[in-house]
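Not measured: the values here are computed from a predicted model. In each ligand, atom 1 is the first atom listed, and ligand 1 is the first ligand listed.
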Amino acid sequence: MIRRKDLNCGVVFEVVRGDITTQDVEAIVNAANARLAGGGGVDGAIHRAGGPAILAECKKIGGCPTGFAVVTTGGKLKAKWVIHAVGPIYAGLPQDPATLARTYQNSLRRAMEKKCSSVAFPSISTGVYGYPIEQAAPIAMNSCAEFVKNNPGIKMVRFVLFSDPDFALYVKLLDRLKE
Ligand code: ADP
């Protein structure tokens, strides 16, 4: 299942129901933790599919503060790069939305530095980190839209959702997104 929208800045946004580890894009984003230690959820899936080389690179990097992102190679994945992004642990604080937005935008910044034209995101922070997806999804989409309008280079941003309700929510937001 896939939905597409052309933004008038020349960038395509896609919403896909699926598994991020199988996406044929130049970079996939991981919802990592600050120690880059691997974990459950999408993080565990990426390390399982990509093989031990990714965790070895993460160990060398050592860690990443909340709101930021670091890059490793993609190991055995189709994607050449994995961008390990550390989203906020949801606390209901006034700064949570800005921290989540910065996590997405810093991920896109890392992708640009690696000259990627296509990037796939999972729904950062909405699993174990507890961010309600109804609140997180518009932040995800709007922060990425704002970034690509202001920073030419990336041609396609794909949001990969792991469940039907999450996919439906993102489709609704994509339909409403200003071109
Ligand atoms: P966080 O700790 O940032 O909350 P999680 O991995 O717990 O990260 O969850 C983030 C989102 O990723 C959740 O919506 C979860 O359903 C989803 N997810 C889990 N596995 C995958 C996968 N293989 N591909 C895409 N999304 C996934």
Original post:
Do Tyr104 and Phe147 have their ring centres less than 6.0 Å from each other?
Top reply: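 Between Tyr104 and Phe147, the centre distance exceeds or equals 6.0 Å.
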Original post:
Would Tyr90 and Tyr129 count as a close aromatic pair, with their ring centres under 6.0 Å?
Top reply: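 No; Tyr129 has its ring centre 6.0 Å or more from that of Tyr90.
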Regarding ligand 1, does [X] bring an N or O atom to under 3.5 Å of one of the ligand's N or O atoms?
| X | answer |
| --- | --- |
| Ser123 | no |
| Gly127 | yes |
| Asp43 | no |
| Ile20 | yes |
| Val128 | yes |
| Val42 | yes |

Can you tell me which residue and heavy atom of the protein come closest to [atom], and the distance to 0.1 Å?
| atom | answer |
| --- | --- |
| atom 8 (O) of ligand 1 | Ala31 CB, 3.7 Å |
| atom 17 (C) of ligand 1 | Phe162 CB, 4.0 Å |
| atom 23 (N) of ligand 1 | Asp19 OD1, 2.9 Å |

**OP:** Answer side chain, backbone, both or neither: which part of Asp166 comes under 4.0 Å from ligand 1, heavy atoms only.
**Re:**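 The part of Asp166 near ligand 1 is the side chain, not the backbone.
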Subject >> Partner set under salt bridge (Lys or Arg N to Asp or Glu O under 4.0 Å) for Arg48, not counting sequence neighbours >> reply: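 Salt bridge (Lys or Arg N to Asp or Glu O under 4.0 Å) check on Arg48 returns nothing, list empty.
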Original post:
Between Lys80 and Glu26, is there a side-chain N and carboxylate O pair less than 4.0 Å apart?
Top reply: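 Looking at Glu26 together with Lys80, the answer is no, because their closest N to O distance does not fall below 4.0 Å.
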Original post:
Got a salt bridge between Glu113 and Arg110, using NZ or NE/NH1/NH2 to carboxylate O under 4.0 Å?
Top reply: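 Counted as a salt bridge, because a side-chain N and a carboxylate O are separated by less than 4.0 Å.
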**OP:** Assess Ser125 for proximity to ligand 1: is some non-hydrogen atom of it under 4.0 Å away?
**Re:**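 Yes, Ser125 has heavy atoms under 4.0 Å from ligand 1.
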**OP:** Give a yes or no on whether the backbone of Pro88 and the side-chain of Ser125 come within a donor-acceptor separation of less than 3.5 Å.
**Re:**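 Such a contact is found between Ser125 side chain and Pro88 backbone.
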Original post:
Quick one: do Leu161 and Ile28 end up in the same hydrophobic cluster if we chain Ile, Leu, Val, Met, Phe, Trp and Tyr together by side-chain heavy atoms under 4.5 Å apart?
Top reply: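 Result: no, two separate clusters.
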Original post:
Short list, please: which atoms of ligand 1 are under 4.0 Å from a heavy atom of Ala45?
Top reply: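 By the 4.0 Å cutoff, the relevant atoms are 23 (N).
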Subject >> Where Val16 and Arg158 come nearest, the two heavy atoms and their spacing >> reply: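 Nearest heavy atoms, Val16 then Arg158: CG2-CD, 3.6 Å.
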Original post:
Looking only at heavy atoms, what is the nearest atom pair of Lys78 and Gln23, with distance?
Top reply: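 The pair with the smallest heavy-atom distance is CB-O, 3.8 Å.
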**OP:** Give a yes or no on whether atom 15 (C) of ligand 1 lies under 4.0 Å from any heavy atom of the protein.
**Re:**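 It does not; no protein heavy atom is within 4.0 Å.
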